[in-house]
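It should be emphasised that the depicted structure is a prediction, and the values quoted were computed from it without experimental measurement.
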Amino acid sequence: MIKYRYCPQCKNKLDKKGPHFLCKECEVTIYTNPKPTACVFIVNKGKVLINKRAVPPKANTYDIPGGFLEPGESPSEAAIREIKEETGLTIKLLAIVGIYKEVYDGYDLINIFYAGEILSGKLTAADDVKDLAWVRIDQIPKMGFNSVNQAVDDFKIWHQNISSKKV
């Protein structure tokens, strides 16, 4: 968790009040709620798209494409936008795989993972992605973040359940 020391409004020293910070001078409360993210397991012909991170934290580790929600954006809107920014693909969301907690660069996160499929676009690594690769679902490598590894496990179960329902 980020440790705030001074009030952004009046510059006086902040006091810790539970998980939040309080300015006794101007009565501003600095909330330290988790930051939301949205990520997508993009499925195509029995494979899933993974990426290698280009930037810290955990640069050069494997990850699932996604990122932070922008103000006013829903998780599904953020997922679609982030995939377009990082991969060049336009996607359709199929389901929520799960919601997980993580600590990222000192911030608590709530990570929302979706499953999705490609509608259009040309695959191109962009934004904070170093490289993209299609891997068989049963061969997804270890990811750089614990929550992503948990999501991979749940995604495999989701995909197996969906696959077994197809005739």
Task: Verify same cluster id: V43, I162 (apolar side-chain graph, 4.5 Å) - done: yes
Open item on the list: Tell me whether E85 at atom CD has more than 12 heavy atoms from other residues, nucleotides or ligands lying less than 6.0 Å away.
Closed with: yes
Open item on the list: Using 0.5 Å steps for rounding, measure from the OG atom of S163 to the NZ atom of K156.
Closed with: 13.5 Å
- [ ] Could you tell me which residues satisfy side chain to side chain donor-acceptor pair (under 3.5 Å) with K130, sequence neighbours excluded, listed by chain and number?
- [x] N60
Open item on the list: Count I, L, V, M, F, W, Y as connected when their side-chain heavy atoms are under 4.5 Å apart, and connections chain through other members. Are I137 and I96 then in the same cluster?
Closed with: no
Task: Spatial distance of atom OG (S120) from atom CD1 (I91) [nearest 0.5 Å] - done: 10.5 Å
Open item on the list: Quick one: does any side-chain atom of D154 pair with a main-chain N or O of G98 as donor and acceptor, under 3.5 Å?
Closed with: no
- [ ] Would you indicate whether Q139, at its atom CD, is surrounded by more than 12 heavy atoms from other residues, nucleotides or ligands within a distance under 6.0 Å?
- [x] yes
Task: Non-hydrogen atoms of P141 and V135 that approach each other most closely - done: CD-CG2, 4.4 Å
Task: Least distance between heavy atoms, T32 atom then H20 atom - done: N-ND1, 3.1 Å
Open item on the list: Run F68 and Y104 through ring pair (Phe, Tyr, Trp, His ring centres under 6.0 Å) and show every step you take.
Closed with: CA-CA 11 Å; F68 292 96; Y104 177 95; 5.5 Å; yes
Open item on the list: Treating E77 as the side-chain partner and S74 as the backbone partner, does any N or O pair qualify as donor plus acceptor under 3.5 Å?
Closed with: yes
Task: Note, V55 side chain near R53 side chain (heavy atom, < 4.5 Å) - done: yes
TODO: Using the side-chain contact (heavy atoms from CB on, under 4.5 Å) rule, take D127 and E82 through it: C-alpha gap first, then chi angles, then the decisive distance, then the call.
DONE: CA-CA 9 Å; D127 198 29; E82 283 286 344; 4.3 Å; yes
Task: Residue pair I83 / G66: nearest heavy atoms and the distance that separates them - done: CD1-N, 4.4 Å
Open item on the list: For a side-chain contact (heavy atoms from CB on, under 4.5 Å) check, start with the C-alpha distance between I140 and V48, then their side-chain angles and the critical distance, and finish with the verdict.
Closed with: CA-CA 8 Å; I140 298 172; V48 68; 3.5 Å; yes
TODO: Output the distance between atom CD1 (I42) and atom OG1 (T87), rounded to the nearest 0.5 Å.
DONE: 5.0 Å
TODO: Compute both the distance and the angle, then confirm whether K58 meets the cation-pi test with F145: under 6.0 Å from the six-membered ring centre, within 45 degrees of the axis.
DONE: yes
Task: In one Ile/Leu/Val/Met/Phe/Trp/Tyr side-chain cluster, 4.5 Å: Y114, I157 - done: no
Task: Heavy-atom pair with the smallest gap, counting every atom of A38 and P75 - done: CB-O, 3.4 Å
Task: Separation of N111 CG from S147 OG (nearest 0.5 Å) - done: 4.0 Å
Open item on the list: Within this structure, what is the CG-CG distance for the pair N44 and L49, rounded to the nearest 0.5 Å?
Closed with: 9.0 Å
- [ ] To the nearest 0.5 angstrom, please state how far the SG atom of C39 sits from the CD1 atom of I64.
- [x] 8.0 Å
Task: Flag side-chain contact, heavy atom, 4.5 Å: I110 against I99 - done: yes
Task: Distance under 6.0 Å and angle within 45° of ring axis: K16 vs F21 - done: yes
TODO: Please report the closest heavy-atom contact between A115 and V97, naming both atoms and the distance.
DONE: N-CG2, 3.7 Å
TODO: Evaluate the side-chain proximity of K92 to I80: yes if any heavy-atom separation is below 4.5 Å, no if none is.
DONE: no
Task: Quiz item: cation-pi between K52 and Y62, 6.0 Å / 45° - done: yes
- [ ] Taking all heavy atoms of L93 and all of S76, pick out the closest pair and write down the distance.
- [x] CD1-CB, 3.5 Å
Open item on the list: If hydrophobic clusters are built from ILVMFWY residues whose side chains come within less than 4.5 Å, do L109 and V152 share one?
Closed with: yes
Open item on the list: Set out, in order, the CA-CA distance, both residues' side-chain angles and the distance that settles side-chain contact (heavy atoms from CB on, under 4.5 Å) for E25 and K13, then state yes or no.
Closed with: CA-CA 9 Å; E25 190 67 29; K13 193 165 174 103; over 6 Å; no
Task: Cluster check V148, F155: I/L/V/M/F/W/Y, side chain < 4.5 angstrom - done: yes
- [ ] Test side-chain contact (heavy atoms from CB on, under 4.5 Å) on T61 and M143 and set out the steps.
- [x] CA-CA 6 Å; T61 63; M143 300 283 129; over 6 Å; no
Open item on the list: Check D15 with K24, please: is the shortest side-chain N to carboxylate O separation under 4.0 Å?
Closed with: yes
- [ ] Show your reasoning for whether side chain to side chain donor-acceptor pair (under 3.5 Å) applies to N146 and Y100.
- [x] CA-CA 9 Å; N146 291 333; Y100 310 85; over 6 Å; no
TODO: Check whether any side-chain heavy atom of T90 lies under 4.5 Å from a side-chain heavy atom of I118, and answer yes or no.
DONE: no
